[in-house]
Participant: 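Sharing a structure with you now.
Residues: numbered from 1 along the sequence shown.
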Amino acid sequence: MSAVQVQLALDTRTTAEALAVATAAADAIDVIEAGTVLCLSEGFHAVRALRAEFPDAPIVADIRIARAGRKFADLAFSAGASRVTVVGESGMTVISGALASAQSHGGEVEVELGENWTEDEVRKWVDSGVSHIIAHRSGSFRAEDDDEIRTTLERLESVDRGTARVTLAGGLGLGDLAYFPRGNFDVVAIGSTIVKADDPRAAAQSLRTELQQAERSSQWQPTM
């Protein structure tokens, strides 16, 4: 198995489609994400349905909380989410509210980096109990030209994150992971490459194989 986890980002418009893709790819992925589009389209019914179908899987509710951290996190955790996402620009009050909810429900909080994030912010989030830092590609560059996200990953590598992990997300497809050889991320979130594939399991397995090949290279050193 790959040391880097594969997260299936389900940004579908219907719960039925999300369940179909997740079921097809289940044995080739590690984490299921109820994507922002899915949660907005179907509400927390989608999270409940995924939890019912996959009782033991880590499920991320990518609801990108920006206000009322505890209230929105409570809703997601009550629906069966293992983790919720918060936007970094929301501030510590919102993040702390989500963390309080996570503690009550036995869940975790992920924070997505904003455009002007700082290393001090990341240290504060991690020290407060945030489990994952999300580095999301802007989509402005092809993977081979995306020095922006490579710089972000290198900056994160310099921060003492303790046990917090880094999730790389944003428009990643087959062949793209070769352009991020340093391996300074722990989870890779993949959406349409799997969701829109004729064979979602085969697509997920191809991505996992790509990760395994990269990890065998001398340059790849995944964080733990």
Side-chain angles (χ1 to χ4, degrees), residues 3-9 30-36 38-40 44 47 50-51 56-138 148-170 180 182-189 221-224:
V4 175
Q5 293 187 326
V6 175
Q7 179 169 310
L8 172 58
D30 304 291
V31 182
I32 297 171
E33 174 192 320
T36 310
L38 177 61
C39 289
L40 286 173
F44 288 118
V47 178
L50 287 166
R51 176 53 69 206
D56 301 319
I59 295 177
V60 179
D62 187 19
I63 55 176
R64 295 178 172 173
I65 297 170
R67 296 287 187 273
R70 180 155 196 162
K71 182 182 295 184
F72 290 129
D74 277 344
L75 289 169
F77 289 131
S78 295
S82 311
R83 309 173 196 157
V84 297
T85 62
V86 181
V87 294
E89 297 95 332
S90 64
M92 273 310 301
T93 298
V94 174
I95 293 170
S96 295
L99 285 166
S101 175
Q103 186 172 18
S104 297
H105 291 272
E108 296 179 331
V109 173
E110 306 188 358
V111 175
E112 183 173 332
L113 296 172
E115 184 177 352
N116 298 310
W117 68 277
T118 68
E119 285 82 351
D120 285 343
E121 283 180 319
V122 173
R123 292 186 190 96
K124 186 179 294 186
W125 299 337
V126 170
D127 288 345
S128 298
V130 168
S131 67
H132 289 70
I133 305 298
I134 305 168
H136 201 290
R137 298 178 63 230
S138 67
E148 181 177 87
I149 196 65
R150 278 188 283 273
T151 298
T152 293
L153 293 171
E154 288 170 3
R155 287 176 62 193
L156 284 172
E157 191 177 28
S158 71
V159 178
D160 183 1
R161 302 189 310 274
T163 59
R165 312 189 85 192
V166 172
T167 298
L168 175 62
F180 308 102
R182 291 179 61 83
N184 45 358
F185 54 90
D186 311 282
V187 183
V188 58
Q221 297 178 349
T223 56
M224 297 299 291

Participant: What side-chain donor-acceptor pairs closer than 3.5 Å can you find for residues 108-116, not counting sequence neighbours?
Facilitator:
unit_1 : atom_1 : unit_2 : atom_2 : d
E108   : OE1    : R83    : NE     : 3.2
E110   : OE2    : R83    : NH1    : 3.2
E112   : OE1    : R64    : NE     : 3.3

Participant: For S78, enumerate each residue passing the side chain to side chain donor-acceptor pair (under 3.5 Å) test, keeping only those at least two apart in sequence or located in another chain.
Facilitator: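 Not a single residue meets the side chain to side chain donor-acceptor pair (under 3.5 Å) criterion with S78.
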Participant: Which residues pass the side-chain contact (heavy atoms from CB on, under 4.5 Å) test with A189, sequence neighbours left out?
Facilitator: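 With neighbours one apart ignored, the set is Q7, E33, T167, A169.
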Participant: NE2/H132 to CZ/R161 distance, rounded to the nearest 0.5 angstrom?
Facilitator: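 Nearest 0.5 Å value for the NE2-CZ distance: 10.5 Å.
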Participant: Scan for side-chain hydrogen bond (donor to acceptor under 3.5 Å, both in side chains) pairs involving residues 90-107, sequence neighbours excluded, and state none if there are none.
Facilitator: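 Only R70-S104, D74-S101, D74-H105 qualify under side-chain hydrogen bond (donor to acceptor under 3.5 Å, both in side chains).
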Participant: Sequence neighbours left out, what passes side chain to side chain donor-acceptor pair (under 3.5 Å) with T152? Give chain and number order.
Facilitator: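 Not a single residue meets the side chain to side chain donor-acceptor pair (under 3.5 Å) criterion with T152.
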Participant: Apply salt bridge (Lys or Arg N to Asp or Glu O under 4.0 Å) to E89 and list each qualifying residue two or more places apart in sequence or on a separate chain.
Facilitator: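 Salt bridge (Lys or Arg N to Asp or Glu O under 4.0 Å) list for E89, sorted by chain: empty.
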Participant: For A57, check side-chain contact (heavy atoms from CB on, under 4.5 Å) against everything at least two apart and list the hits.
Facilitator: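 Partners of A57 under the side-chain contact (heavy atoms from CB on, under 4.5 Å) test: I32, F54.
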Participant: Hey, what do you get for CE (M92) to CG (L99), rounding to the nearest 0.5 Å?
Facilitator: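 Atom-to-atom, M92:CE and L99:CG are 6.5 Å apart.
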Participant: Return the OG1 to NE2 distance between T85 and H136, rounded to the nearest 0.5 Å.
Facilitator: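 If we round to the nearest 0.5 Å, T85:OG1 and H136:NE2 are 10.0 Å apart.
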Participant: State which residues pass salt bridge (Lys or Arg N to Asp or Glu O under 4.0 Å) with D120; sequence neighbours excluded, sorted by chain then number.
Facilitator: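 By the salt bridge (Lys or Arg N to Asp or Glu O under 4.0 Å) rule, D120 matches R123.
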Participant: Quick one: salt bridge (Lys or Arg N to Asp or Glu O under 4.0 Å) partners of R67, sequence neighbours excluded?
Facilitator: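 Salt bridge (Lys or Arg N to Asp or Glu O under 4.0 Å) list for R67, sorted by chain: empty.
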